Amino acid sequence: MKNVVKSVKGTRDFYPDEMARRTWLVEKLKSASEAFGYQRYEGPCLETIDLYAAKSGEELVKEQAFVFEDRGGDPITLRPELTPTLARMVANQQNELVFPLRWWAFGPFWRYERPQKGRTREFYQWNIDLIGSDAVQADAELLAVAANFLKLVGLKSEMVQVLVNDRRLMDRKLTEIGINPQTKPELLRMIDRIDKQPADVWEKNVTALGLDGVQIDAIKSLLSNTQLWKESEELSQLFEYVNALGVGEYIRYEPKIIRGLDYYTGLVFEAHDVKGEFRAILGGGHYANLVGDVGGQPLPGVGFAMGDVVIMLVLEAYGLLPSDLSYPGTVFVTVFSEEMLVESIRLATELRENGFHVILAEPDKLARQFKLADRLGVKFALVLGPDELANETIVGKDLRTFEQHSIPRKEIGSFFG
RNA sequence: GUGCCUGUAGCUCAAUGGCAGAGUGCUUCACUGUGGAUGAAGAUGUUGAGGGUUCGACCCCCUCCAGGCACCCCA
């Protein structure tokens with residue numbers, strides 16, 4: 001490798017093939033969003049540090065945000081998440097917007113982390129929120145959007161599952177076990193990590209929080225109780241609704257799902273591949289107060305976020321990424337010889353005027369031109385040589401089937417129709 | 001931010017202190033109006049970067065860079 005200037009750590013180049021896959025992904029999540037009436041919005045990538053001030057105690061902003069000074073010396077943050085931006089946008093027009101809002105976005109985000117599989121420093125994220133409703137119905141709708149998206153990209157419920165829990169239920173159960181309120185937040189974080197730590201280490205850590213053996217056993221049985229949801233009226237309703245929404249097979253109760261973010265107050269959920277090979281595909285939940293921190297009237301809502309990295313890894317692992325995205329409808333016009341170049345230019349121009357995407361070759365051996373068309377991934381090629389010129393025909397070839405037809409020049413527009 | 005692993009041709013990987021290789025891909029030809037195959041020939045490297053040890057370093061040592069695993073965090 002020569003001394004090519006390096007790219008920034010944790011960033012990715014999207015060559016046309018990868019860009020085509022990202023565009024494909026956006027189309028899928030756009031479809032899933034719009035099927036439920038969600039509207040696209042976007043905020044700035046640059047924000048003041050003040051926007052995140054309310055959450056400045058959290059690691060996400062304090063440790064993981066890119067912060068730098070602009071030329072005037074003011075601190076600027078590359079957005080590490082969209083929720084504060086969304087909160088500001090909603091608060092700004094709180095009296096004019098029609099609630100409940102159904103909004104979605106897709107754009108770049110930055111977090112200063114150590115890159116590894118499924119985690120980069122610059123990534124794209126789909127955010128979708130329903131704001132202004134506390135109904136269980138709203139929670140069920142977001143789960144349905146997520147499940148429908150997974151279905152839309154070809155992921156079956158045997159491959160991926162959306163695991164759900166409710167923080168209110170967990171809070172109630174912890175109270176029953178006799179956990180005092182001060183210990184709960186830290187204990188919930190421990191529960192979130194129970195599968196990541198060796199059993200003895202986990203028990204030691206929980207004991208350090210002041211729990212006795214009886215309480216630890218109670219928590220363990222709590223976390224293995226997949227029927228616990230029956231003790232929650234909200235979750236019982238939720239499962240009824242997601243069944244009616246036709247996505248019941250994708251949604252499963254999992255008492256270990258807690259989520260790290262503090263602002264979730266009810267439903268919490270994560271989508272995972274069933275084999276557990278990858279990080280969470282998407283994650284979200286219900287929050288009681290979206291805009292209070294930025295100066296608006298408190299509003300509840302539910303939403304989730306999905307990064308582009310993990311979902312693409314999962315789709316690749318299951319062979320679900322489309323392979324023929326490079327030139328779906330493009331026609332390749334060969335140039336038989338220098339003498340025929342002008343005729344070929346005319347043909348290409350005529351096709352473009354009829355709405356086709358056309359790549360015009362340069363004069364060369366036909367074999368080389370066909371090889372080029374093949375390697376480009378084009379599906380159709382045209383040959384216009386002296387014989388065709390005399391007959392007023394064009395030879396059209398389907399590069400996938402190797403079928404070739406002579407077409408009257410006048411009917412060329414309908415050949416690919 | 002912490003610990004560990006890895007880095008050789010476009011890609012996947014050999015070579016373990018002694019002349020940098022294979023497969024695949026690429027280029028050309030067999031084929032002067034046709035890309036999947038076959039055969040033949042050919043090209044491709046600052047062995048991630050810099051320094052050190054050595055007669056001699058892909059190999060051993062140090063620093064840096066990158067990405068992978070586990071933490072942390074989370075999409």
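Letters go in sequence order (proteins before strands), and every chain restarts at 1. This structure is a prediction, so every number in the text was calculated from the model and none was measured.
Between the side chains of Thr226(A) and Glu254(A), no donor N or O sits under 3.5 Å from an acceptor N or O.
Closest approach to the Gln125(A) side chain among rC71(B), rC73(B), rA75(B) is made by rA75(B) (side chain taken as heavy atoms from C-beta onward). Nearest to the side chain of Lys196(A), among rC65(B), rC73(B), rA75(B), sits rC73(B). Here the side chain of Arg114(A) is nearest to one of rA75(B), rG68(B), rA66(B), namely rG68(B). You'll find that the side chain of Arg119(A) is closest to rA75(B), out of rA75(B), rC69(B), rC74(B).
With the nearest nucleotide of RNA chain B identified for both Ile281(A) and Val8(A), Val8(A) has the one nearer the 5' end. Nearest-nucleotide positions on RNA chain B place Lys365(A) closer to the 5' end than the other of Pro386(A) and Lys365(A).
In this structure, Lys379(A) does not pair ionically with Asp398(A), as no charged nitrogen and carboxylate oxygen lie closer than 4.0 Å. Under the 4.0 Å criterion applied to side-chain N and carboxylate O atoms, Glu27(A) and Lys30(A) are not assigned as salt-bridge partners.
For Arg259(A), a side-chain nitrogen or oxygen approaches OP1 or OP2 of rA75(B) to under 4.0 Å.
Across all non-hydrogen atoms, the minimal contact from Ala361(A) to Gln369(A) is CB-OE1, 3.2 Å.
Between Glu113(A) atom CD and rG67(B) atom P the separation is 13 Å, expressed in whole Å. Between the CZ atom of Phe278(A) and the C1' atom of rC74(B) there is a distance of 17 Å, given to the nearest Å. In this entry the distance linking CG of Asp273(A) with P of rA75(B) reads 17 Å, nearest Å. In this structure, Ile257(A) places its CD1 atom 12 Å from P of rA75(B), rounding to the nearest Å. Rounded to whole Å, atom P of rA75(B) lies 17 Å from atom CH2 of Trp110(A). Going from atom NE2 of His272(A) over to atom P of rA75(B) covers 11 Å, rounded to whole Å.
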For nucleotides 34-38 of chain B, which of its nitrogen or oxygen atoms have a protein nitrogen or oxygen under 3.5 Å away, and what is each distance?
unit_1: rU34(B); atom_1: O2; unit_2: Lys397(A); atom_2: NZ; d: 2.9
unit_1: rU34(B); atom_1: O2; unit_2: Gln404(A); atom_2: OE1; d: 3.4
unit_1: rU34(B); atom_1: N3; unit_2: Gln404(A); atom_2: OE1; d: 3.0
unit_1: rU34(B); atom_1: N3; unit_2: Gln404(A); atom_2: NE2; d: 3.3
unit_1: rU34(B); atom_1: O4; unit_2: Gln404(A); atom_2: NE2; d: 2.8
unit_1: rG35(B); atom_1: O4'; unit_2: Lys371(A); atom_2: N; d: 3.4
unit_1: rG35(B); atom_1: O2'; unit_2: Asp374(A); atom_2: OD2; d: 3.0
unit_1: rG35(B); atom_1: N7; unit_2: Lys397(A); atom_2: NZ; d: 3.1
unit_1: rG35(B); atom_1: O6; unit_2: Lys397(A); atom_2: NZ; d: 3.3
unit_1: rG35(B); atom_1: N1; unit_2: Leu399(A); atom_2: O; d: 2.5
unit_1: rG35(B); atom_1: N2; unit_2: Asp374(A); atom_2: OD1; d: 3.1
unit_1: rG35(B); atom_1: N2; unit_2: Leu399(A); atom_2: O; d: 2.4

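In this structure, the aromatic ring of Phe109(A) is not positioned over the six-membered ring of the base of rA75(B) within 5.5 Å between centres and 30° between planes.
Evaluated for a side chain to side chain contact (heavy atoms under 4.5 Å, CB included) with Thr334(A), the options Val383(A), Asp364(A), Leu347(A) yield exactly one hit, Val383(A).
Among the atoms of the strands shown, none is found under 4.0 Å from any heavy atom of Ile311(A). Among the atoms of the strands shown, base atoms are found under 4.0 Å from some heavy atom of Thr120(A). If you check every strand for non-hydrogen atoms under 4.0 Å, Arg12(A) touches nothing. Residue Arg121(A) is classed as having no contact, given no heavy-atom separation below 4.0 Å to the nucleic acid. Nucleic acid contact class of Asp308(A) (heavy atoms, under 4.0 Å, all strands): none. Using a 4.0 Å heavy-atom distance criterion, Phe336(A) is classed as a base contact.
In this structure, Trp229(A) has its ring center closer than 6.0 angstrom to the ring center of Phe239(A). Aromatic ring centres of Tyr124(A) and Phe106(A) lie closer together than 6.0 Å. The six-membered or imidazole ring of Trp126(A) lies near that of Phe304(A), with a centre-to-centre distance under 6.0 Å.
For the C1' atom pair drawn from rA14(B) and rG23(B), the interatomic distance equals 10 Å after rounding to whole Å. Taking the C1' atoms as reference points, rG39(B) lies 26 Å from rC13(B), given to the whole Å. Across the P atoms, rC59(B) and rU24(B) are found 29 Å apart, a figure rounded to whole Å.
Panel note: side chain Glu113(A), backbone Pro115(A); no donor-acceptor pair is recorded below 3.5 Å.
With Phe370(A) as the aromatic partner, Lys397(A) meets the cation-pi criteria of under 6.0 angstrom to the ring centre and within 45 degrees of the ring axis.
Helical stems involving RNA chain B, defined as 3 or more consecutive Watson-Crick or G-U pairs under 3.5 Å, span B:1-7 with B:65-71, B:10-13 with B:21-24, B:26-30 with B:38-42, B:48-52 with B:60-64.
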